[in-house]
Amino acid sequence: MRPIPFAGVWGTSSSVSYQIATEQLSAELEHLTAGLPKKEAKRLLQERIRERAQAIADEVARRLTQRNSFARVEAVNGYVNIIYDVNQFSNHVVQAAISEGSHYGRGTPKTDRVMVEFSQPNTHKAFHVGHLRNAALGDALVRILRFAGYDVLAANYIGDIGLHVIKTLWCYLRFHRGEEPPRAQRGRWLGEIYTEADRRLNYRQDVVDLLNELAKEDPVFVQAVDRMLKELWRTHKVGEDVAYLLGQIAHGREIKPDAFYDEQTIVQFWPIVGKQLEHELAEARRMAEQGLNGESQLSLPELEERYLRWKRLAATIDWWPHVPEWQKEVRETFQLWEREDPEFVALWEETRAWSMEEFHRIYDQLDIHFDVWFYESEVEDEGRAIVKELLERGIAEISEGVPVVKIDEKLGLEKETYRILPILRSDGTTLYSTKDLALTKRKFEEYGIDRAIWVVDVRQSLYLQQIFKIMELWGFEQASKCYHLAYEMVMLPTGAMSSRAGNVVLYEDIAGQVLERALEIIEEKNPSLPTDLKVEIARQVGLGSLKYGMLSRDSNRVIVFDIEEALSFDGHAAPYIQYAHARACRILEKVESLPGGPYSFTDLVSQETELIEQLAAFPDEVERAADEYKPLVIANYVYELARRFNDFYHACPVLQAEEPKRSARLALVAATRQALANGLRLLGIAAPEVM
RNA sequence: GCGCCCGUAGCUCAGAGGAUAGAGCGUUUGCCUCCGGAGCAAAAGGUCGCAGGUUCGAAUCCUGCCGGGCGCACCA
């Protein structure tokens with residue numbers, strides 16, 4: 001049984017006659033089709049079943065019509081369609097939406113308590129559009145589950161300690177001590193320090209990665225290597241390292257960052273590499289101008305990209321000799337944290353507050369709220385105790401000096417599935433897994449939850465399954481109630497975001513642009529509004545649009561974030577839906593009060609029936625979105641509702657209509673406005689009354 | 001090597017085993033004397049990656065292949 005998929009009729013449709021026909025005919029057809037070629041037999045079968053299904057449907061429809069309990073019962077293409085009374089049905093839907101108001105669509109209260117952990121930003125790092133996808137998704141999920149009737153706890157888990165924090169603070173102390181960023185910029189400033197730290201510490205690897213790629217993919221470069229190395233030898237006399245480089249590149253073997261005898265080799269070699277890349281690029285451009293294919297197998301954009309990478313690295317080639325010493329300093333800095341050095345802890349607290357201030361500002365702006373705040377720094381000790389316990393109970397063991405859980409082995413799995421998870425560093429410092437085990441235990445023991453949902457990037461999929469399995473091995477029954485809501489990453493047209501490579505779109509930058517654009521449009525469309533209202537509406541429209549872009553795509557699909565698209569408020573986007581809402585408000589504003597029901601929904605045109613049909617679907621869609629953890633369902637729903645409302649709006653005058661049509665249409669507008677507002681609210685998107 | 005995800009219109013994406021696969025952007029053409037044009041109407045655009053299978057019926061479920069992305073021991 002399913003709704004009839006035709007606009008304008010309401011009822012239930014059943015394909016049961018197909019099943020009956022198939023059963024009835026199966027024996028009979030076996031000998032009928034005997035001896036026929038397979039294809040023909042199949043066609044005959046299909047034909048007969050269709051005929052029989054139609055006959056059965058006719059009979060069922062005839063009998064149901066005689067009883068006369070429905071408006072109409074018909075048989076079409078073997079389906080039995082039971083059609084309701086239009087006026088009754090419409091009144092039921094419209095009056096429900098009006099009388100239930102902001103509760104329209106709500107599910108019955110459930111006893112399950114669910115915790116949704118999402119957002120999880122790292123302090124000392126930048127909040128970018130990838131984090132926005134997570135926040136929008138998690139927040140919408142919380143709102144939907146709540147509306148569906150669950151008892152929901154929204155939890156945030158701040159990454160306020162870990163290697164990234166240590167690196168940032170090392171870089172601060174080493175290179176930026178005493179610098180004071182402007183107050184509103186402190187969070188971002190820390191993020192930049194982190195990027196710098198990361199670039200410094202990975203510098204050798206980045207240089208070597210580029211060399212290895214060139215050796216592997218650029219035959220022209222490989223041909224020129226001999227000459228380049230001779231030049232290096234002639235000018236700087238670094239014999240052993242030249243031999244090493246030549247050997248590795250000639251034989252296609254990987255160059256290792258720490259295999260050099262002379263700290264200066266790469267420093268001297270780098271400009272020579274640059275000259276070669278520059279030469280290759282110039283050559284390729286010259287050939288392209290003449291419309292010829294160059295000798296290089298790489299495309300012009302690839303050559304350009306490589307040259308740019310070289311150039312970036314060349315700007316700080318003096319870092320090369322220092323990298324090992326910096327790495328050592330970072331380990332020492334980690335010890336300051338482990339020893340709880342008071343001065344260091346004070347610095348950590350201060351800088352952490354800088355990031356938290358920024359996060360709170362962002363959450364306020366986005367209208368995202370949490371019931372529970374967890375911090376990684378709070379579960380370190382608990383985590384270490386758990387590792388000890390797991391070791392004692394034989395679930396964990398020491399392998400190559402590292403405490404690990406060999407999950408497949410413990411579960412008795414032959415095929416490698418969950419593999420091995422380290423749960424503490426060999427030097428005793430904690431890992432993400434150490435802290436996550438402690439946190440998960442706390443969720444179940446202290447919050448009494450029945451289900452735990454993690455809204456986390458799909459790349460951590462294996463990792464989270466490992467955590468869940470360790471909880472199971474440890475004896476937690478709730479392990480089976482853990483669920484990872486995975487979502488794909490946000491990429492840029494130029495590729496994956498990477499703070500080290502310097503191509504990250506920060507949330508605050510894009511939000512700034514979107515707000516500015518939204519304000520411009522309001523200024524143009526509605527110049528007479530008071531300024532602070534314009535600003536507020538710009539926020540609602542701009543950020544709504546940003547969120548909708550994140551929610552209107554399936555979670556397991558990569559989003560390529562395109563600034564142009566984010567700044568466009570036309571078509572399939574939040575402003576379209578908000579605009580429909582504002583229009584509805586405008587009509588309702590013009591009547592003193594909404595006439596009471598029942599209304600006369602007779603002689604409806606298709607735009608009216610389609611709108612009522614969509615209105616009626618809301619409660620089911622909420623339930624489905626909650627069952628499947630899919631805000632996308634609601635995103636699609638509200639768009640379709642707005643679309644049908646716009647069709648109605650253009651086809652059906654409301655205020656000018658004659659009674660009783662006028663009252664019925666007014667009620668329909670009011671009901672639609674309510675459903676639009678409720679649907680948008682579930683996505684965390686505001687429904688402005690004017691825009 | 002093992003595992004997960006994606007492949008639908010020129011582009012970005014919806015699509016709950018069911019009737020004629022839908023939107024937006026872009027292109028072309030119309031619509032403000034009429035509740036707000038961030039809108040509406042119309043045209044054009046499809047071997048639903050390929051090949052098998054299950055089914056009365058497959059974009060949807062199963063198997064294999066092709067193409068792309070991601071993950072797999074002390075990052076988070």
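Chain letters run A, B, ... following the sequence lines, proteins first and then strands; every chain starts at 1.
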Worked verdict on A:Asn646 versus A:Arg583 for side chain to side chain contact (heavy atoms under 4.5 Å, CB included): CA-CA 9 Å; A:Asn646 275 331; A:Arg583 273 179 159 171; 2.6 Å; yes
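- Within the 4.0 angstrom heavy-atom criterion, no nucleotide atom of any strand lies near A:Asp427.
- Put simply, A:Arg331 has no side-chain N or O that comes within less than 4.0 Å of OP1 or OP2 on B:rC74.
- Taking A:Pro619 as the reference, A:Tyr104 meet the side-chain contact (heavy atoms from CB on, under 4.5 Å) condition, with sequence neighbours excluded.
- Across all strands shown, A:Arg586 has heavy atoms under 4.0 Å from base atoms, whether or not it also approaches the sugar-phosphate.
- Nucleotides B:rG10 and B:rG46 are separated by 12 Å at their C1' atoms, to the nearest Å.
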Distances for protein N or O near nucleotides 29-31 of chain B N or O, under 3.5 Å:
none

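- Atom name C1', nucleotides B:rC4 and B:rA43: the rounded distance is 43 Å, in whole Å.
- Put simply, CG on A:Leu437 is 14 Å from C1' on B:rA76, counting in whole angstrom units.
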Reading nucleotides 10-15 of chain B from 5' to 3' and marking B where a protein heavy atom lies under 4.0 Å of the base, S where only the sugar-phosphate is that close, and - otherwise, the string is --SSSS
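- Looking at heavy-atom distances under 4.0 Å, A:Cys652 makes contact with a base.
- B:rA41 and B:rC50 have their C1' atoms separated by 39 Å, given to the nearest Å.
- Rounded to whole Å, the distance from CD1 on A:Ile522 to C1' on B:rG36 is 14 Å.
- Residue contacts shown for A:Arg583 are limited to sugar-phosphate atoms, with no base heavy atom under 4.0 Å away.
- As rounded to the nearest Å, B:rU12 and B:rG7 have C1' atoms that lie 14 Å from one another.
- Shown here are the side-chain contact (heavy atoms from CB on, under 4.5 Å) partners of A:His572, two or more places apart in sequence or in another chain: A:Tyr548, A:Tyr639.
- Taking atom P on both B:rA76 and B:rA16, the two are 38 Å apart, rounded to the nearest angstrom.
- No salt bridge links A:Glu658 with A:Arg662; every basic N to acidic carboxylate O contact stays at or beyond 4.0 Å.
- Put simply, CD on A:Gln578 is 17 Å from C1' on B:rG37, counting in whole angstrom units.
- One interatomic measurement links the two molecules: CD of A:Glu524 to P of B:rG37, which rounds to 14 Å at whole-angstrom precision.
- Under the 30°/60° scheme for interplanar angles, the aromatic rings of A:Phe127 and A:Phe359 are found to be tilted.
- Judged by distance alone with a 3.5 Å cut-off, no donor-acceptor contact links the side chain of A:Gln466 to the base of B:rA73.
- Annotated as syn: B:rC32, whose glycosidic dihedral is within 90° of 0.
- For A:Glu338, the side-chain hydrogen bond (donor to acceptor under 3.5 Å, both in side chains) partners are A:Arg384, not counting sequence neighbours.
- Distances from the side chain of A:Tyr576 to the nucleotides B:rC35, B:rA76, B:rC40 place B:rC40 closest.
- Backbone-only engagement by A:Glu376 is indicated by non-hydrogen atom pairs under 4.0 Å involving sugar-phosphate atoms exclusively.
- The side chain of A:Tyr487 contributes no N or O atom lying less than 4.0 Å from OP1 or OP2 of B:rC70.
- Not less than 6.0 angstrom separates the ring centroid of A:Phe569 from the ring centroid of A:Tyr579.
- Judged as a side-chain contact (heavy atoms from CB on, under 4.5 Å), and not counting sequence neighbours, the contacts of A:Ala651 are A:Gln607.
- Rounded to whole Å, atom P of B:rC72 lies 15 Å from atom CG of A:Asp408.
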Per-nucleotide pairing state of RNA chain B [Watson-Crick or G-U, under 3.5 Å; [ ] pseudoknot-crossing; | other strand]: (((((((..((((....[...)))).(((((.......))))).....(((((..]....))))))))))))....
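- Between the side chains of A:Asn122 and A:Tyr194, no donor-acceptor pair is found at a separation under 3.5 Å.
- Counting non-hydrogen atoms under 4.0 angstrom, A:Met491 reaches nothing in the nucleic acid.
- When distances run from any side-chain atom of A:Tyr579 to the nucleotides B:rA76, B:rG36, B:rC40, the shortest one goes to B:rG36.
- Residues A:Thr417 and A:Asn556 both approach RNA chain B. Their nearest nucleotides, taken by heavy-atom distance, put A:Thr417 toward the 5′ side.
- In this structure, the CD atom of A:Gln205 is 14 Å from the C1' atom of B:rC75, given to the nearest Å.
- Heavy atoms of A:Leu462 sit under 4.0 angstrom from primed sugar atoms or phosphate atoms, though from no base atom.
- Contact annotation for A:Glu621: base contact, defined as any heavy-atom pair under 4.0 Å involving a base atom.
- Taking the six-membered ring for Trp, A:Phe468 and A:Trp454 have ring centres closer than 6.0 Å.
- Here A:Ser461 lies out of heavy-atom contact (under 4.0 Å) with every strand.
- Using atom C1' as the reference point in both B:rU29 and B:rG45, the two lie 16 Å apart (nearest Å).
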Quick one: side chains of residues 663-673 of chain A, donor-acceptor pairs under 3.5 Å with protein atoms, not counting sequence neighbours, listed by atom name and distance.
from, atom 1, to, atom 2, distance (Å)
A:Ser663, OG, A:Glu659, OE1, 2.8
A:Ser663, OG, A:Glu659, OE2, 3.0
A:Arg665, NE, A:Glu608, OE2, 3.0
A:Arg665, NH1, A:Pro653, O, 2.8
A:Thr672, OG1, A:Leu668, O, 2.7
A:Arg673, NH1, A:His581, NE2, 3.1

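- One atom, OH of A:Tyr639, and another, C1' of B:rG22, lie 10 Å apart when rounded to the nearest Å.
- Looking at residues two or more places apart in sequence or on another chain, you find a side-chain hydrogen bond (donor to acceptor under 3.5 Å, both in side chains) between A:Tyr487 and A:Asn134.
- A search for side-chain hydrogen bond (donor to acceptor under 3.5 Å, both in side chains) contacts involving A:Lys534 returns A:Glu523, not counting sequence neighbours.
- Spacing of C1' atoms, B:rC40 relative to B:rG24, comes out at 15 Å, to the nearest Å.
- Nucleic acid contact for A:Val541: base, since at least one base atom lies under 4.0 Å from a heavy atom of the residue.
- OP1 or OP2 of B:rC75 has not a single side-chain nitrogen or oxygen of A:Lys167 nearer than 4.0 Å.
- In terms of position along RNA chain B, the nucleotide closest to A:Glu416 lies nearer the 5' end than the nucleotide closest to the other residue of the pair A:Asp647 and A:Glu416.
- OP1 and OP2 of B:rC72 both lie 4.0 Å or more from every side-chain N or O belonging to A:Lys415.
- Taking A:Gln540 as the reference, A:Glu536 meet the side-chain hydrogen bond (donor to acceptor under 3.5 Å, both in side chains) condition, with sequence neighbours excluded.
- The NE2-P distance, from A:His484 to B:rG71, rounds to 13 Å in whole Å.
- Residue contacts shown for A:Leu431 are limited to sugar-phosphate atoms, with no base heavy atom under 4.0 Å away.
- Looking at residues two or more places apart in sequence or on another chain, you find a side-chain contact (heavy atoms from CB on, under 4.5 Å) between A:Thr494 and A:Leu492, A:Asn503.
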